[in-house]
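As a basis for the values below, the full set of heavy atoms in this structure was taken, side chains included, without hydrogen atoms, waters or symmetry mates.
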Amino acid sequence: MAVNMELNISAFINRVENYCRGIFAASVEPGLIYHNIRHTELVVKRVQEIAANSQLTETELFVLITAAWFHDTGHLKHKEKNHEMKSVAIMCEFFAAVDIPGNLLNQISGCILATQLPARPKTLLEMILCDADLYHLGTEEFFITNELVKKEIEKRCNTTVKNWNESSLRFLKSHKYFTSYCRQKLEPGKQNNIEKLEQIINRK
């Protein structure tokens, strides 16, 4: 029997959180050095931060937080670059027994798919999730997280990544934040990280 979602939205978000925490905890994928539950928790936190500086309804916030919890679950079952599609499938499995309006399901799916690189978000909600996902590019945590991403690629693909700093620099230079909040808060830090990375490369 379908469950009507017209219950307390915050209570339903708790169900989403518990479900996603559960599948991360049950995963036997050892290579998720970066795309793990900690990253997901940070993305949820950053979504809430960015959303607090936007005029969103309770339903829009539900869409965003739900998408944030599910956006990298596809990594648990899929090693390819299009893991976002698998994340959407996992999300849809969760909602299969829930009486959720189709437009909300489409919005959640759209937010998850928008995080696929290169990001091309079309709506404000998609922009917020994309910015939350790559929030770290404009912080002092960039070099720590960037090294974790490298190690994850090497472990999962059983390879050695060459010219990582150079490819990271190209990525930083091509990246842009979509929300005015993140542009104002994070763009200066990202430019600082670009300069530091250039200095590292030039010292070689």
Side-chain angles (χ1 to χ4, degrees), residues 31-56 60-61 63-75 81-84 87 110-157 159-204:
L32 293 179
I33 298 170
Y34 177 70
H35 291 101
N36 49 36
I37 188 61
R38 180 179 181 276
H39 167 69
T40 298
E41 290 170 342
L42 286 174
V43 172
V44 171
K45 179 180 178 180
R46 289 161 178 168
V47 155
Q48 292 171 320
E49 175 189 339
I50 301 168
N53 290 272
S54 308
Q55 295 181 334
L56 300 184
E60 288 172 327
L61 191 58
V63 167
L64 263 178
I65 294 177
T66 299
W69 277 114
F70 278 103
H71 85 285
D72 272 341
T73 54
H75 276 295
K81 291 184 178 180
N82 61 344
H83 68 273
E84 294 85 1
S87 296
C111 287
I112 295 172
L113 295 176
T115 62
Q116 185 172 17
L117 298 175
R120 296 188 180 90
K122 297 181 178 64
T123 68
L124 175 60
L125 300 187
E126 292 173 7
M127 291 177 185
I128 291 174
L129 183 57
C130 287
D131 282 358
D133 195 26
L134 296 178
Y135 189 105
H136 68 279
L137 299 184
T139 72
E140 294 180 351
E141 295 180 359
F142 165 71
F143 289 96
I144 296 174
T145 56
N146 198 47
E147 184 64 22
L148 292 176
V149 173
K150 176 176 177 286
K151 289 180 179 179
E152 179 173 295
I153 294 172
E154 291 180 333
K155 188 172 183 65
R156 299 192 83 190
C157 299
T159 187
T160 299
V161 177
K162 298 179 179 179
N163 302 315
W164 180 248
N165 285 336
E166 288 77 5
S167 61
S168 297
L169 180 61
R170 288 192 297 272
F171 179 68
L172 277 178
K173 287 185 173 181
S174 65
H175 170 267
K176 69 174 182 178
Y177 288 110
F178 299 100
T179 62
S180 57
Y181 174 79
C182 286
R183 285 197 297 271
Q184 181 176 355
K185 180 174 182 177
L186 301 173
E187 194 63 35
K190 188 180 73 174
Q191 292 305 316
N192 187 49
N193 289 334
I194 288 174
E195 293 174 6
K196 288 182 179 179
L197 200 50
E198 288 176 332
Q199 292 171 4
I200 293 171
I201 293 171
N202 291 334
R203 283 200 298 266
K204 286 185 177 181

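Residues Gln184 and Ser180 fail the side-chain proximity criterion, which asks for heavy atoms closer than 4.5 Å. At least one side-chain heavy atom of Phe143 sits less than 4.5 Å from a side-chain heavy atom of Lys196. Side chains of Asp133 and His39 form a contact here, defined as non-hydrogen atoms less than 4.5 Å apart. Side-chain contact between Ile144 and His136: absent, with no pair of heavy atoms (C-beta onward) separated by less than 4.5 Å. Leu134 places a side-chain heavy atom less than 4.5 Å from the side chain of Phe171. Looking only at side-chain heavy atoms (C-beta outward), Trp69 and Glu41 come within less than 4.5 Å of each other. A heavy-atom distance below 4.5 Å is found between the side chains of Leu125 and Leu56. Side-chain contact between Asn193 and Leu137: absent, with no pair of heavy atoms (C-beta onward) separated by less than 4.5 Å.
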I would like to know whether Arg46 and Glu141 meet salt bridge (Lys or Arg N to Asp or Glu O under 4.0 Å); could you show each step before the answer? CA-CA 14 Å; Arg46 289 161 178 168; Glu141 295 180 359; 3.3 Å; yes
Verdict with reasoning, Arg156 to Leu32, per side-chain contact (heavy atoms from CB on, under 4.5 Å): CA-CA 8 Å; Arg156 299 192 83 190; Leu32 293 179; 3.4 Å; yes
Test side chain to side chain donor-acceptor pair (under 3.5 Å) applied to Asp131 and Thr179, step by step: CA-CA 7 Å; Asp131 282 358; Thr179 62; 2.7 Å; yes
Between Val43 and Tyr135, does a side-chain contact (heavy atoms from CB on, under 4.5 Å) hold up when you go through it step by step? CA-CA 8 Å; Val43 172; Tyr135 189 105; over 6 Å; no
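Smallest separation of non-hydrogen atoms from Ile112 and Ser87: CG2-CB, 3.8 Å. Closest approach of Trp164 to Val161, counting heavy atoms only: CE3-CG1, 3.4 Å. In plain terms, the two heavy atoms of Ile153 and Thr159 that are nearest each other are O-CG2, 4.3 Å. In this structure, Ile50 and Cys182 approach most closely via the heavy-atom pair CD1-SG, 3.5 Å. Residues Pro121 and Phe178 come closest through the heavy atom pair CD-CZ, 3.4 Å. When all heavy atoms of His83 and Asp72 are compared, the pair lying nearest together is NE2-OD1, 3.1 Å.
Side chain of Glu126 to main chain of Ala114: no donor-acceptor pair is present (N/O by atom type, distance under 3.5 Å, no hydrogens or angles). With Thr66 contributing its side chain and Val63 its backbone, the two residues share no donor-acceptor pair below 3.5 Å. A donor-acceptor contact shorter than 3.5 Å is absent between the side chain of Thr115 and the backbone of Cys111. In this structure, Asn165 contributes its side chain and Ile200 its backbone to no donor-acceptor pair below 3.5 Å.
Note: Thr73 OG1 to Glu84 CD = 10.5 Å, rounded to the nearest 0.5 Å. Note that the CG atom of Leu129 and the CG atom of Leu113 stand 10.5 Å from one another [nearest 0.5 Å]. Atom CD1 of residue Ile201 and atom CG of residue Leu197 lie 4.5 Å apart, to the nearest 0.5 angstrom. How far CG of Leu172 is from CZ of Phe142: 4.0 Å, rounded to the nearest 0.5 Å.
Residues that satisfy the salt bridge (charged side-chain N to carboxylate O under 4.0 Å, His left out) test with Lys155, not counting sequence neighbours, are absent from this structure. The salt bridge (charged side-chain N to carboxylate O under 4.0 Å, His left out) test applied to Glu147 returns no partner, not counting sequence neighbours.
Under the 30°/60° scheme for interplanar angles, the aromatic rings of His35 and His75 are found to lie parallel. Ring-plane geometry between His175 and Tyr177 is classed as perpendicular, the angle between the planes exceeding 60 degrees on a 0 to 90 degree scale with a lower cut at 30.
Among pairs with a residue in residues 176-191, those fulfilling salt bridge (Lys or Arg N to Asp or Glu O under 4.0 Å) read Glu49-Lys185, Glu187-Lys190, at least two apart in sequence or across chains.
A salt bridge links Lys173 with Glu198: the closest approach of a Lys/Arg side-chain nitrogen to an acidic carboxylate oxygen falls below 4.0 angstrom.
A donor and an acceptor atom, one from each side chain of Asn146 and Ser168, are located under 3.5 Å apart.
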